[in-house]
S.K.: 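Encoded as structure tokens, here's the structure I'll be asking about.
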There are 2 protein chains.
Amino acid sequence: MNHQRMNHQRTNQARTGLRERTRRAIQKEITEAAERLFVERGYEATTIGHIAEAVGMSRRTLYRYFATREDIVLGKLDLVADDLLAALRSRPGDEPLWTSLRHSFDLLVAHFDDVWKVEFAEPMQRIIFGTPDLLGRYLEKLERMQGAAELVVRERAETTGTPWADDDPTPRAVVGAAFGCLVAAQHAWFAGGAKEKFGVMIDRAMAAVVPRD
Amino acid sequence: MNHQRMNHQRTNQARTGLRERTRRAIQKEITEAAERLFVERGYEATTIGHIAEAVGMSRRTLYRYFATREDIVLGKLDLVADDLLAALRSRPGDEPLWTSLRHSFDLLVAHFDDVWKVEFAEPMQRIIFGTPDLLGRYLEKLERMQGAAELVVRERAETTGTPWADDDPTPRAVVGAAFGCLVAAQHAWFAGGAKEKFGVMIDRAMAAVVPRD
DNA sequence: CAACGTGTGGCACAGTGTGTCAACAACGGC
DNA sequence: GCCGTTGTTGACACACTGTGCCACACGTTG
């Protein structure tokens with residue numbers, strides 16, 4: 001229970017504390033070793049014990065850095081989520097919602113086209129989408145992002161004087177549609193061997209689905 | 001590995017065989033006992049052992065009916081998925097895609113407004129959305145449904161002479177947007193205490209997001 | 001009857017994730 | 001310097017999931 005809140009507990013306070021920094025460094029080390037193993041031996045075949053051995057620590061200690069094996073792969077997503085929400089919040093209030101959402105995704109686009117792609121992009125993507133456990137966790141995290149995004153969208157609508165009723169599914173639906181496009185773009189992206197830029201893919205996907213403003 | 005294909009392996013052949021029927025009956029019995037336990041003691045707190053004991057069979061045998069504990073809750077979804085795809089296939093080819101998708105969801109609407117609601121609707125929904133594991137599996141199943149739906153949509157577009165390129169994210173995006181609306185409707189539905197009909201909710205959600213035809 | 005296929009339970013096993021405890025290092029005040 | 005506090009680590013035991021394997025019981029068919 002309560003796995004998801006264990007890492008990165010306070011993004012604001014103690015941002016540059018020594019503790020936090022070394023913790024991040026170790027987390028990164030673990031992640032890299034683990035991903036190497038996942039890519040070359042497969043996700044299912046790589047146990048926590050293997051990873052612990054690879055980074056030279058005990059199984060128990062590893063669990064203090066990542067609550068579950070899925071989190072080793074998907075933990076960074078929580079950080080991205082915070083940034084995405086901040087980006088969404090910072091969009092001008094009079095901008096069409098769909099456009100704001102598209103721009104918020106730019107962070108993910110960068111994440112895909114830059115960091116991931118250079119080192120592990122395609123293989124790790126394939127591992128995530130090819131492993132039921134990971135895919136489920138991934139989608140669950142996207143789900144929670146959508147919940148948070150809905151709140152942001154509702155707040156924004158309130159400031160512009162056109163709020164939605166509490167039981168109106170509209171804001172969630174628009175956000176959900178946007179994330180649906182995101183996943184669609186991911187599929188198309190590495191279905192085409194990641195030859196095309198991810199940004200292009202998501203533009204196409206979101207152009208095909210434009211809600212009434 | 002390969003959990004999801006273990007149950008309901010051939011929906012077409014041997015539809016009314018004795019074996020299949022008794023199997024279904026036992027599955028149903030297990031499901032009902034399990035859901036009762038889940039509702040009153042919580043999902044996490046209910047082990048396979050408890051369920052097995054409740055229905056009077058061994059743990060090992062229970063695993064021959066459901067590959068995972070999640071499947072006890074979400075297994076029926078696979079059947080619904082088949083029906084949903086069949087419904088989608090049977091829509092007229094000249095109908096706007098969004099309308100076809102909306103009508104395909106009627107099955108789910110019935111499932112929500114009728115069967116579930118009468119007995120376990122709200123509690124089970126809450127359990128699914130409140131348990132990370134279950135939510136993940138649920139979303140993963142929706143994901144696979146979307147993959148299958150995309151194929152149907154592509155085939156249909158081919159017969160009408162307006163196919164999409166293989167690397168075009170459009171069909172998946174539209175399908176994904178529709179499923180996003182579905183989930184949005186679920187949220188709004190039991191956020192409002194399931195007072196409103198589910199059909200109304202999904203109508204509102206999908207009306208808010210209409211892609212270009 | 002015998003052979004066969006199928007459903008069942010028992011057992012052992014690898015793996016995940018948790019609670020608990022003792023050892024140990026780091027840091028501050030005295 | 002010494003000592004308590006605090007945080008990190010590893011070891012062990014534990015409950016639970018899911019799988020492989022084997023022996024047994026049952027009904028059907030030859």
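In what follows, every heavy atom counts, from backbone to side chain, and hydrogens, waters and symmetry copies are set aside. In the text below, chain A, chain B and the rest are named by the order of the sequence lines, each starting its count at 1.
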S.K.: Do the side-chain N and O atoms of A/Asp133 and A/Thr131 include a donor-acceptor pair separated by under 3.5 angstrom?
M.R.: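 No pair is found: no donor N or O on one side chain lies under 3.5 Å from an acceptor on the other.
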S.K.: Please list, chain by chain and in numerical order, all residues satisfying ring-ring contact (aromatic ring centres under 6.0 Å, His included) with B/Phe105, sequence neighbours excluded.
M.R.: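 If we apply the ring-ring contact (aromatic ring centres under 6.0 Å, His included) test to B/Phe105, skipping adjacent residues, the hits are B/Phe179.
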S.K.: Keeping the roles fixed (side chain from A/Trp98, backbone from A/Ala178), state whether a donor-acceptor pair exists under 3.5 Å.
M.R.: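 Between the backbone of A/Ala178 and the side chain of A/Trp98 there is no qualifying donor-acceptor contact (under 3.5 Å).
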S.K.: Not counting sequence neighbours, which residues clear salt bridge (Lys or Arg N to Asp or Glu O under 4.0 Å) with B/Asp203? List them please.
M.R.: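 Residues passing salt bridge (Lys or Arg N to Asp or Glu O under 4.0 Å) with B/Asp203: B/Arg102.
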S.K.: Estimate the overall bend of the helix from C/dC1-D/dG30 to C/dC30-D/dG1 from the end axes over five pairs each, rounded to 10 degrees.
M.R.: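 Here the helix ends are tilted 10° relative to one another.
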S.K.: In chain order, what residues pass the ring-ring contact (aromatic ring centres under 6.0 Å, His included) check against B/Phe38, with sequence neighbours excluded?
M.R.: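 Once residues adjacent in sequence are excluded, the partners of B/Phe38 under the ring-ring contact (aromatic ring centres under 6.0 Å, His included) criterion are B/Tyr43.
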S.K.: What integer distance in Å separates A/Glu70:CD from D/dT17:P?
M.R.: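 Answer to the nearest Å: 16 Å.
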S.K.: Could you list the residues that satisfy salt bridge (Lys or Arg N to Asp or Glu O under 4.0 Å) with B/Asp167, not counting sequence neighbours?
M.R.: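 Result, salt bridge (Lys or Arg N to Asp or Glu O under 4.0 Å) vs B/Asp167: none returned.
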S.K.: Would you kindly give the CE-to-C1' distance between A/Met57 and D/dT9, to the nearest whole Å?
M.R.: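 In whole Å, D/dT9 C1' lies 10 Å from A/Met57 CE.
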S.K.: Considering residues at least two apart in sequence or located in another chain, which fulfil the side chain to side chain donor-acceptor pair (under 3.5 Å) criterion with B/Ser58?
M.R.: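 Listed in chain order: B/Thr61.
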S.K.: Find the distance A/Phe66:CZ to C/dG15:C1' and express it as a whole number of Å.
M.R.: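 Whole-Å distance recorded here is 19 Å.
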S.K.: Grab the CG-C1' distance between A/Leu62 and C/dG15 for me, whole Å please.
M.R.: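 A/Leu62 atom CG is separated from C/dG15 atom C1' by 14 Å.
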S.K.: Specify the separation, in whole Å, of atom CD of A/Gln27 and atom P of D/dT8.
M.R.: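 Nearest whole value for this atom pair: 12 Å.
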S.K.: Using the test salt bridge (Lys or Arg N to Asp or Glu O under 4.0 Å), find all partners of A/Arg154 that sit at least two apart in sequence or belong to another chain.
M.R.: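 A/Arg154 satisfies salt bridge (Lys or Arg N to Asp or Glu O under 4.0 Å) with A/Glu150 only.
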S.K.: Any side-chain N or O of A/Ser58 less than 4.0 Å from the OP1 or OP2 oxygen of D/dG10?
M.R.: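 Yes, because at least one side-chain N or O of A/Ser58 sits under 4.0 Å from OP1 or OP2 of D/dG10.
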S.K.: Round to a whole Å and report the spacing from CZ of B/Arg23 to P of C/dT8.
M.R.: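 Taking atom P of C/dT8 as the reference, CZ of B/Arg23 is at 9 Å.
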S.K.: Measure the distance from CD1 on B/Ile26 to P on C/dG7 and round it to the nearest whole Å.
M.R.: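 About 9 Å, once rounded to whole Å.
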S.K.: Going by side chain to side chain contact (heavy atoms under 4.5 Å, CB included), name the residues that satisfy it together with A/Val152, two or more places apart in sequence or in a different chain.
M.R.: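 Listed in chain order: A/Leu85, A/Leu88, A/Arg89.
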S.K.: Not counting sequence neighbours, which residues clear salt bridge (Lys or Arg N to Asp or Glu O under 4.0 Å) with A/Glu143? List them please.
M.R.: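 With sequence neighbours excluded, A/Glu143 shows a salt bridge (Lys or Arg N to Asp or Glu O under 4.0 Å) to A/Arg172, given in chain and number order.
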S.K.: Any protein N or O atoms within reach of nucleotides 14-16 of chain D? Criterion: under 3.5 Å, listing atom names and distances.
M.R.:
none

S.K.: Between C/dA14 atom P and A/Glu44 atom CD, what is the distance in whole Å?
M.R.: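 Interatomic distance, CD of A/Glu44 to P of C/dA14: 18 Å.
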S.K.: D/dT8, OP1 or OP2 - any side-chain N/O from A/Tyr65 closer than 4.0 Å?
M.R.: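 So the side-chain polar atoms of A/Tyr65 never come under 4.0 Å of the phosphate oxygens OP1 or OP2 of D/dT8.
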S.K.: Return a single string for nucleotides 21-30 of chain D, one symbol per nucleotide in 5' to 3' order, where B is base contact, S is sugar-phosphate-only contact and - is none, cutoff 4.0 angstrom on heavy atoms.
M.R.: B---------
S.K.: Checking B/Leu151 now: which residues fulfil side chain to side chain contact (heavy atoms under 4.5 Å, CB included) with it, not counting sequence neighbours?
M.R.: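 With sequence neighbours excluded, B/Leu151 shows a side chain to side chain contact (heavy atoms under 4.5 Å, CB included) to no residue whatsoever.
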